[in-house]
Amino acid sequence: MTDHILIERPQTAPGVLVIRFNRPDKKNAITSAMYQTMTAALTEANADPNIRAIAFLGSENCFSAGNDMGDFLSYAMSCSREPPAAAIFIKALALCEKPMVSGVDGLAIGIGTTLNLHCDLTIASDRSLFKTPFVDLALVPEAASSLLAPKIMGHQRAFAMLAAGEGFGADAALAAGLVWKVVVPGAVEAETLKLATSLAAKPPQALKIARELVRGPRDEVLARIDEELVHFTAQLKSPEARAAFEAFMKR
Ligand code: COA
């Protein structure tokens, strides 16, 4: 457990479990411990009938700067053949049975962006930036983003984001279908919780079926996560990726 992730059940949002990034001094970069805490929260949410919606939130002007670079470097230098904690979290996201919403204010980098592809609705502030610099770090897309992003955004925009590493501001993200609504920064949390609360109040079985129908079969998503993971873990240990992580750490 780590207090860099806060798990909350706000009284003002009945039926909602909030998973909040809480490492603002490191731009909410996500460590293995943080992935483990989030995985446990999703597992708990699936099993608890009182949790009827999940909301991901970050801190002021930062949703998340993605995977912790120090953790990337440690994994790159290790002999580990185990999947990284991120991979287990990503599968838990894909398998989550409750509706998920996210509220993004500011930076959403790497998995800070791809996580939203698994959310059913995303609220973003007008100062948000969605960016996945995978290839610049000598990595490849993860979290089934290579499958989900083209479905949502079309090939050109998905390629621009996932392969060319182009950043998408809030308006571009809205136009691409990556977010549901753009609001002013101060309204992100309230709007996200309002949405989550309204989902939590709906007949749960009907909402579950509707969600499954809209999302489609999970098998394809899980298979793509595995396919990406083979390349991702191999690239993580490549000299070009290690050089990119070291360059970031030495800045
Ligand atoms: N992993 C570890 N630490 C990170 C981090 C990450 N992904 N992103 C930011 N941080 C840390 C910085 O090292 C810095 O720590 P320090 O104060 O101890 O030096 C702190 O967070 C603030 O970051 P800083 O870079 O000074 O802020 P910025 O506003 O100038 O830039 C970013 C913000 C997000 C653009 C920049 O930090 C960045 O590019 N981070 C890496 C993002 C990334 O590539 N993630 C992986 C995607 S797969």
Side-chain angles (χ1 to χ4, degrees), residues 2-5 20-38 56-78 83-91 93 102 104-118 124-125 127-149 158-170 172-173 178 185 224-225 228-251:
T2 167
D3 61 4
H4 289 151
I5 294 288
R20 189 189 296 271
F21 297 113
N22 181 41
R23 198 189 177 206
D25 55 322
K26 297 288 181 190
K27 302 278 176 192
N28 293 333
I30 311 175
T31 60
S32 295
M34 291 164 73
Y35 284 121
Q36 283 160 6
T37 300
M38 291 194 289
F56 286 94
L57 289 168
S59 40
E60 196 189 344
N61 207 8
C62 185
F63 185 64
S64 172
N67 202 97
D68 184 274
M69 291 289 214
D71 273 15
F72 265 162
L73 186 58
S74 305
Y75 189 84
M77 312 264 282
S78 76
I88 298 164
F89 167 67
I90 285 165
K91 286 196 178 168
L93 258 187
S102 53
V104 174
D105 176 25
L107 290 171
I109 315 282
I111 195 162
T113 284
T114 57
L115 181 158
N116 298 293
L117 301 172
H118 294 268
S125 75
R127 61 181 173 183
S128 296
L129 176 69
F130 297 85
K131 188 172 161 73
T132 57
F134 296 125
V135 174
D136 294 320
L137 292 170
L139 298 174
V140 299
E142 38 80 310
S145 56
S146 62
L147 176 76
L148 298 174
F159 189 88
M161 189 176 82
L162 295 175
E166 293 288 333
F168 282 56
L178 191 58
R224 182 61 65 96
I225 290 171
E228 291 170 343
L229 199 54
V230 171
H231 298 292
F232 196 93
T233 46
Q235 278 302 120
L236 260 180
K237 289 178 182 287
S238 69
E240 54 185 12
R242 197 197 284 197
F245 306 148
E246 281 172 348
F248 179 83
M249 303 304 285
K250 280 190 196 139
R251 288 177 320 156

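Count residues from 1 along the sequence. Everything quoted here is computed from the prediction, not taken from an experiment. Start at 1 and go down the list; that is how both ligands and their atoms are numbered.
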A.B. asks: In terms of relative ring orientation, are Phe232 and Phe72 parallel, tilted or perpendicular, with 30° and 60° separating the classes?
C.D. replies: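 The arrangement is tilted - the two ring planes meet at 30° to 60°.
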A.B. asks: Relative to atom 29 (O) of ligand 1, which among Glu142, Lys26, Lys131, Lys27 owns the nearest non-hydrogen atom?
C.D. replies: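 Result: the heavy atom closest to atom 29 (O) of ligand 1 is in Lys27.
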A.B. asks: For Thr2, run the side chain to side chain contact (heavy atoms under 4.5 Å, CB included) check against Met38, Arg23, Met34 and tell me which one passes.
C.D. replies: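 Single pass found, and it is Met34.
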A.B. asks: Show the atoms of ligand 1 that are less than 4.0 angstrom away from any heavy atom in Leu107.
C.D. replies: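 By the 4.0 Å cutoff, the relevant atoms are 33 (C), 34 (C).
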A.B. asks: Find the distance between CD1 (Ile111) and CG (Asn67) and round it off to the nearest 0.5 Å.
C.D. replies: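 With rounding to 0.5 Å, CD1 (Ile111) is 7.0 Å from CG (Asn67).
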A.B. asks: With distance as the sole test, does Asn22 use its side chain to make a donor-acceptor pair with the main-chain N or O of Ile5 at under 3.5 Å?
C.D. replies: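 No.
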A.B. asks: Measuring from the heavy atoms of Met249, does anything fall under 4.0 Å of ligand 1?
C.D. replies: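 The answer is no, since Met249 has no heavy atom less than 4.0 Å from ligand 1.
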A.B. asks: Taking the inter-plane angle between the rings of Phe89 and Phe56 on a 0 to 90° scale, is it parallel (under 30°), tilted (30 to 60°) or perpendicular (over 60°)?
C.D. replies: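 Ring orientation of Phe89 relative to Phe56: perpendicular.
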A.B. asks: Kindly indicate whether atom 10 (N) of ligand 1 is approached by any protein heavy atom to under 4.0 angstrom.
C.D. replies: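 Answer yes: something from the protein, a heavy atom, is under 4.0 Å.
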A.B. asks: Is it true that the side chains of Ser125 and Asp105 contain a donor and an acceptor less than 3.5 Å apart?
C.D. replies: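 There is such a pair (donor and acceptor under 3.5 Å, judged by atom type) between the side chains of Ser125 and Asp105.
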A.B. asks: Would you please determine whether Asp25 falls within less than 4.0 Å of ligand 1 on a heavy-atom basis?
C.D. replies: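 Contact check Asp25 vs ligand 1: positive.
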A.B. asks: What residue and atom, counting heavy atoms only, is the protein's closest point to atom 26 (O) of ligand 1, and at what distance?
C.D. replies: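 Scanning the protein heavy atoms, the shortest distance from atom 26 (O) of ligand 1 goes to Arg251 NH2, 4.2 Å.
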A.B. asks: Using a heavy-atom cut-off of under 4.0 Å, does the side chain or the backbone of Asp68 touch ligand 1, or both, or neither?
C.D. replies: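 Looking at Asp68 and ligand 1, atoms from backbone and side chain both fall under 4.0 Å.
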A.B. asks: Provide the number and element of each atom of ligand 1 under 4.0 Å from a heavy atom of Ile109.
C.D. replies: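 Heavy-atom distances to Ile109 below 4.0 Å select 42 (C), 43 (C), 45 (N).
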A.B. asks: Are any non-hydrogen protein atoms located under 4.0 Å from atom 48 (S) of ligand 1?
C.D. replies: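 Under the 4.0 Å cut-off, atom 48 (S) of ligand 1 does have protein heavy-atom neighbours.
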A.B. asks: When you measure from the side chain of His4 to the backbone N and O of Ala33, does any donor-acceptor pair fall under 3.5 Å?
C.D. replies: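 No, because the side chain of His4 does not come within donor-acceptor range (under 3.5 Å) of the backbone of Ala33.
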A.B. asks: Would Asn116 and Ser102 count as having a side-chain donor-acceptor pair, cut-off 3.5 Å?
C.D. replies: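 Checked: Asn116/Ser102 side chains pair up, N/O donor to acceptor below 3.5 Å.
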A.B. asks: Report the distance from atom CZ of Arg224 to atom CG of Leu147, rounding to the nearest 0.5 Å.
C.D. replies: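 Reported to 0.5 Å precision, the distance equals 5.0 Å.
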A.B. asks: At a 4.0 Å threshold, what atoms of ligand 1 neighbour a non-hydrogen atom of Leu137?
C.D. replies: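 In order of numbering, the contacting atoms are 44 (O), 46 (C), 47 (C), 48 (S).
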A.B. asks: For atom 6 (C) of ligand 1, what is the nearest protein heavy atom, given as residue, atom name and distance?
C.D. replies: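 The protein heavy atom lying closest is Ala29 CB, 3.4 Å.
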A.B. asks: Where does Ala65 meet ligand 1, judged by heavy-atom distances below 4.0 Å: at the side chain, the backbone, both, or neither?
C.D. replies: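 Within the 4.0 Å criterion, Ala65 contacts ligand 1 through backbone and side-chain atoms alike.
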A.B. asks: N/O of Met69 under 3.5 Å from N/O of ligand 1, yes or no?
C.D. replies: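 There is such a contact, yes.
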A.B. asks: At what distance is the nearest protein heavy atom to atom 41 (C) of ligand 1, and which residue and atom is it?
C.D. replies: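 Its nearest protein heavy-atom neighbour is Phe248 CE1, 3.6 Å.
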A.B. asks: Answer with side chain, backbone, both or neither: which part of Asn67 has a heavy atom less than 4.0 angstrom from an atom of ligand 1?
C.D. replies: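 The backbone, only.
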A.B. asks: Evaluate the side-chain contact (heavy atoms from CB on, under 4.5 Å) criterion for residues Phe248 and Leu137: first the C-alpha distance (whole Å), next the side-chain angles of each, then the deciding distance (0.1 Å), finally the verdict.
C.D. replies: CA-CA 10 Å; Phe248 179 83; Leu137 292 170; 5.9 Å; no
A.B. asks: Does atom 20 (C) of ligand 1 have any protein heavy atom closer than 4.0 Å?
C.D. replies: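 Protein heavy atoms within 4.0 Å of atom 20 (C) of ligand 1 - there is at least one.
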A.B. asks: Any side-chain to backbone donor/acceptor pair from Gln235 onto Val140? Under 3.5 Å, distance only.
C.D. replies: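 Checked: no pair found.
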A.B. asks: Which atoms of ligand 1 are found less than 4.0 Å from any heavy atom of Pro133?
C.D. replies: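 Listed by number with element: 44 (O).
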